[in-house]
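Below you'll find the structure, written out as structure tokens, and then a few comments.
Just so it is clear, the structure is predicted and the values come from calculations on it, not from any experiment. The analysis underlying the following values was restricted to heavy atoms, covering all of them including side chains, and did not include hydrogens, waters or symmetry mates.
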Amino acid sequence: MLKLNTKEIQLKLTEIEPQWIFNDNSIQRSFKFNDFIEAFSFMTSVALIAEKLNHHPNWENTYNKVSISLSTHDAAGLTDLDFKFAKAIDKLMKK
Ligand code: H2B
């Protein structure tokens with residue numbers, strides 16, 4: 001996977017939900033649910049996408065909150081795969 005440059009990243013950021021922020025060589029978004037079960041159900045769906053893409057999130061869960069940070073470890077930065085993953089997560093949230 002090819003590491004994206006700043007210009008490519010700026011363009012790609014316009015294709016995902018505005019809640020994603022570019023920070024520390026990754027894209028990050030936080031989610032809040034009604035309770036732990038809803039948060040964990042969401043995480044389960046994200047985990048299935050991750051396995052399908054063979055691309056995995058760095059994330060944190062505290063009760064009803066989930067924070068996700070996406071980057072490509074192998075490329076030490078962002079690649080198309082991170083944006084593909086972000087789009088799939090955005091799609092989940094629209095259901
Ligand atoms: N996920 C992420 N986010 N970045 C990677 O570089 C990565 C991954 N590499 N999932 C994959 C798995 C790699 O470790 C395996 C061996 O394919």
### Query
Does some side-chain heavy atom of I89 sit less than 4.5 Å from a side-chain heavy atom of V46?
yes
### Message
Taking salt bridge (charged side-chain N to carboxylate O under 4.0 Å, His left out) as the cut-off, I'd like each qualifying pair that reaches into residues 23-38, sequence neighbours left out, listed once.
### Response
R29-D90
### Min side-chain heavy-atom separation N54-H56 under 4.5 Å
yes
### Message
Main chain of L48, side chain of E51: is a donor-acceptor contact present, judged purely on distance under 3.5 Å?
### Response
no
### Task
Assess whether side-chain contact (heavy atoms from CB on, under 4.5 Å) is satisfied between M43 and N61, documenting all intermediate values.
CA-CA 9 Å; M43 292 175 83; N61 160 239; 3.6 Å; yes
### Message
Does L53 have more than 12 heavy atoms from other residues, nucleotides or ligands lying within 6.0 Å of its CG?
### Response
yes
### Task
Give the ring-plane orientation class for F31 versus F42, where under 30° counts as parallel, over 60° as perpendicular and anything between as tilted.
tilted
#### Entry: Nearest-0.5 Å distance that lies between atom OG in S69 and atom CD in Q28
4.5 Å
### Query
Same cluster for L4 and M1 if Ile/Leu/Val/Met/Phe/Trp/Tyr side chains link at under 4.5 Å?
no
### Task
Verify the distance criterion only: is there a donor paired with an acceptor across the side chains of T79 and T72 at less than 3.5 Å?
yes
### Query
Can you find a heavy atom in the side chain of L78 that is under 4.5 Å from one in the side chain of N25?
no
### Task
State whether the number of non-hydrogen atoms from other residues, nucleotides or ligands found under 6.0 Å of K87 atom NZ is greater than 12.
yes
#### Entry: Beyond-backbone contact of I27 with I16, side-chain heavy atoms, under 4.5 angstrom
yes
### Message
Can you tell me how far apart CH2 (W59) and CD1 (I68) are? Round to the nearest 0.5 Å.
### Response
6.0 Å
#### Entry: From CZ (F22) to CG (L13), nearest 0.5 Å
7.5 Å
### Query
Hey, what do you get for OG (S45) to NZ (K91), rounding to the nearest 0.5 Å?
13.0 Å
### Query
Is the H55 ring parallel, tilted or perpendicular to the F85 ring (thresholds 30°, 60°)?
perpendicular
### Query
How many angstroms lie between OG in S71 and CG in L81, if you round to the nearest 0.5 Å?
11.0 Å
### Query
Any side-chain heavy atom of F83 within less than 4.5 Å of one from E15?
no
### Query
Does a salt bridge link E17 with K94, judged by any charged N lying under 4.0 Å from a carboxylate O?
yes
### Query
If we only count heavy atoms from C-beta on, is the L70 to S26 side-chain gap below 4.5 Å?
no
### Query
So, for F33 and A39, which heavy atoms are closest and what is the spacing to 0.1 Å?
CD1-CA, 3.6 Å
### Task
Could you tell me whether K12 and D82 make a salt bridge, using a distance below 4.0 angstrom between a side-chain N and a carboxylate O?
no
